[in-house]
Peer 1: 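For reference, the structure I am asking about is given below.
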Amino acid sequence: MKKVFRKELMDLIPYKPGKPIADVQREYGLDKVYKLASNENPLGCSPKVKNAIINALDNINLYPDGNATLLKEKLSSITGFPTSQILPSSGLDEMIDQIAKTFINDGEEAIMSDHSFVRYIGTTKMMGGVPVIVPMKDGFVFDLDEMLKRINENTKLIWICNPNNPTGTMLSEDQVASFFSKVPEDIIIVYDEAYREFATHKDFPHDSLKFLRKYPNIIIMRTFSKVYGLAALRVGYTIASEEIIENLNKIRPAFNVNSLAQVAALAAIEDKDFVEKTIHNNNIGKEYLYKEFDKMNLNYALSQTNHIWVDVEKDAQEVFVNLQKKGVIIRPQVGNFIRVSIGLAEENEYFIKCLREELGK
Ligand SMILES: Cc1ncc(COP(=O)(O)O)c(C=O)c1O
């Protein structure tokens, strides 16, 4: 049977998402479980989104607008790029696959960092590409100089996530600008901004679109899953040159962004208050968690996202299982590192209480 499958699949493992709340409730007989594992929005989503979805329910017998025309037009008005340079997708997850399918030929290399979004590896391998994994520098930041050194005639693409998941760390405007200027223009740079709205640092490149105006080999990806709280609906978008968008669009599944997701994204854009509340909650939660980690003498990376990368000085897998038994789901990383999403005050406090018990601190 093995021979019927494409050879690339032999080396692939399925993506492991954060454990669902219901699974943990069932497994440990718990009523209350807090999920701080998937960088979701703890405030839910905007009430405006809920109304928009209710109004759109009457039409779910109809196929969605496959072109997502209204959403594209709205995104065009807020980015200043024409609709021909914008492509909505069923989350960035779908776009990451589409990018790999569009660019990576068998044996071509894709450069990425060792602690970055795990989907970059799988999708590169899926196309028969070779992931070139560059270790991070001290402080869990991308080693851009080393990434540049790893470019060769076989390099097709570079995956950059800023601010980064899972470390929460960022590249500054100057670092990004210098890197982009040094990458040859026939190499695609995928610039994943899933967490851009949470970045508060003054040196963060808040206006990444200016780089796209200068370098047509950049693909910028953004999502509605995080600050807008629409993770279940699956909607994100990509901005790139007309030529890149045209080619990505050739392999786009028809009707990829469903109609509820389209209206929800449009409504979410309008609710600036909700976005502000989300960012405010994140900033308060982040400061609280930093303070508590400091009290426990735990090392962590300063975060520009909605999650924190912490060294818990104990096997992360063990900590993950033990916290789950108490009703907290976090994400174990390599060695002693965990990634915890920033939640509501009561979630953060309960997580800290459980972590203290677990670590005896
Ligand atoms: C860095 C990064 N990129 C992309 C995604 C996928 O996001 P989406 O929900 O839009 O598929 C995630 C999801 O967690 C992410 O962390």
Side-chain angles (χ1 to χ4, degrees), residues 14-20 35-42 44-45 49 68 71 75 86-100 110 112-124 136 140-142 157-171 176 189-199 204-205 208 218-240 248 252-253 256-258 260-262 264-265 268-269 278 282 301 303-309 329-331 333 338-343:
Y15 177 71
K16 211 171 158 199
K19 213 161 174 176
K35 185 173 175 221
L36 300 174
S38 301
N39 308 334
E40 291 147 334
N41 193 322
C45 70
V49 164
L71 180 56
L75 294 170
I86 297 172
L87 193 59
S89 58
S90 178
L92 293 186
D93 206 41
E94 179 187 62
M95 183 50 74
I96 289 169
D97 271 1
Q98 259 171 251
I99 288 172
M112 63 195 79
S113 190
D114 58 346
H115 303 301
S116 197
F117 191 43
V118 288
R119 290 274 290 114
Y120 307 152
I121 301 182
T123 199
T124 300
M136 284 192 152
F140 294 101
V141 287
F142 282 62
L157 197 142
I158 305 175
W159 298 99
I160 299 283
C161 185
N162 196 29
N164 186 49
N165 173 19
T167 57
T169 49
M170 71 162 210
L171 293 166
V176 168
I189 304 168
V190 184
Y191 189 68
D192 184 340
E193 291 194 308
Y195 299 95
R196 65 185 289 272
E197 296 87 352
F198 295 104
F204 181 77
S208 57
I218 299 176
I219 299 178
I220 295 179
M221 302 196 300
R222 296 177 174 176
T223 184
F224 287 91
S225 296
K226 307 296 175 183
V227 89
Y228 294 107
L230 305 186
L233 291 174
R234 317 304 305 123
V235 52
Y237 66 101
T238 293
I239 321 163
L248 287 170
R252 177 176 62 82
N256 59 330
V257 183
N258 72 72
L260 301 184
Q262 291 186 34
I269 291 169
T278 297
N282 197 63
S303 173
Q304 291 299 311
T305 61
N306 64 349
H307 51 269
I308 308 179
W309 164 269
I329 319 174
I330 51 94
R331 198 64 92 83
Q333 302 287 325
I338 64 162
R339 187 195 71 190
V340 61
S341 305
I342 298 164

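Numbering of ligands and ligand atoms starts at 1, following listing order.
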Peer 1: Which is it for M136 and F142 under the side chain to side chain contact (heavy atoms under 4.5 Å, CB included) test, yes or no, and what are the steps along the way?
Peer 2: CA-CA 5 Å; M136 284 192 152; F142 282 62; 3.8 Å; yes

Peer 1: Using a 4.0 Å heavy-atom threshold (strictly under), name the region of Y195 that reaches ligand 1: side chain, backbone, both or neither.
Peer 2: side chain

Peer 1: If I apply the N/O under 3.5 Å rule, does S38 come out as touching ligand 1?
Peer 2: no

Peer 1: Which of the atoms of ligand 1 are close to N165, meaning less than 4.0 Å from one of its heavy atoms?
Peer 2: 1 (C), 15 (C), 16 (O)

Peer 1: Heavy atom of A231 under 4.0 Å from ligand 1?
Peer 2: no

Peer 1: Do the side-chain N and O atoms of E193 and S208 include a donor-acceptor pair separated by under 3.5 angstrom?
Peer 2: yes

Peer 1: Do M95 and L87 touch side chain to side chain, with heavy atoms closer than 4.5 Å?
Peer 2: yes

Peer 1: For Y228 and N41, which I'm curious about, is there any donor-acceptor pair between the side chains at under 3.5 Å?
Peer 2: no

Peer 1: In terms of residue, atom name and distance, what is the protein heavy atom nearest to atom 9 (O) of ligand 1?
Peer 2: S225 OG, 2.6 Å

Peer 1: Considering the heavy atoms of C161, write down every atom of ligand 1 situated less than 4.0 Å from one of them.
Peer 2: 1 (C)

Peer 1: Please examine the side chains of R234 and S225, heavy atoms only from C-beta on, and report whether any two atoms are closer than 4.5 Å.
Peer 2: yes

Peer 1: Passes side chain to side chain contact (heavy atoms under 4.5 Å, CB included), I99 versus M221? Steps please.
Peer 2: CA-CA 11 Å; I99 288 172; M221 302 196 300; 3.8 Å; yes

Peer 1: For atom 12 (C) of ligand 1, what is the nearest protein heavy atom, given as residue, atom name and distance?
Peer 2: F117 CZ, 3.4 Å

Peer 1: Specify the protein heavy atom at minimum distance from atom 3 (N) of ligand 1: its residue, its atom name, and the distance to 0.1 Å.
Peer 2: D192 OD2, 2.6 Å

Peer 1: Which bit of L92 gets closer than 4.0 Å to ligand 1, counting heavy atoms only: side chain, backbone, both or neither?
Peer 2: both

Peer 1: Is it true that Y15 and D93 share a donor-acceptor pair across their side chains at a distance under 3.5 Å?
Peer 2: no

Peer 1: Ignoring hydrogens, just give me the one of M221, M95, R234, K226 whose non-hydrogen atom is nearest atom 13 (C) of ligand 1.
Peer 2: K226

Peer 1: How does D93 reach ligand 1, by side chain, by backbone, by both or by neither, if only non-hydrogen atoms under 4.0 Å count?
Peer 2: both

Peer 1: Establish, from distance only, whether the side-chain atoms of S116 and N164 form a donor-acceptor pair under 3.5 Å.
Peer 2: yes

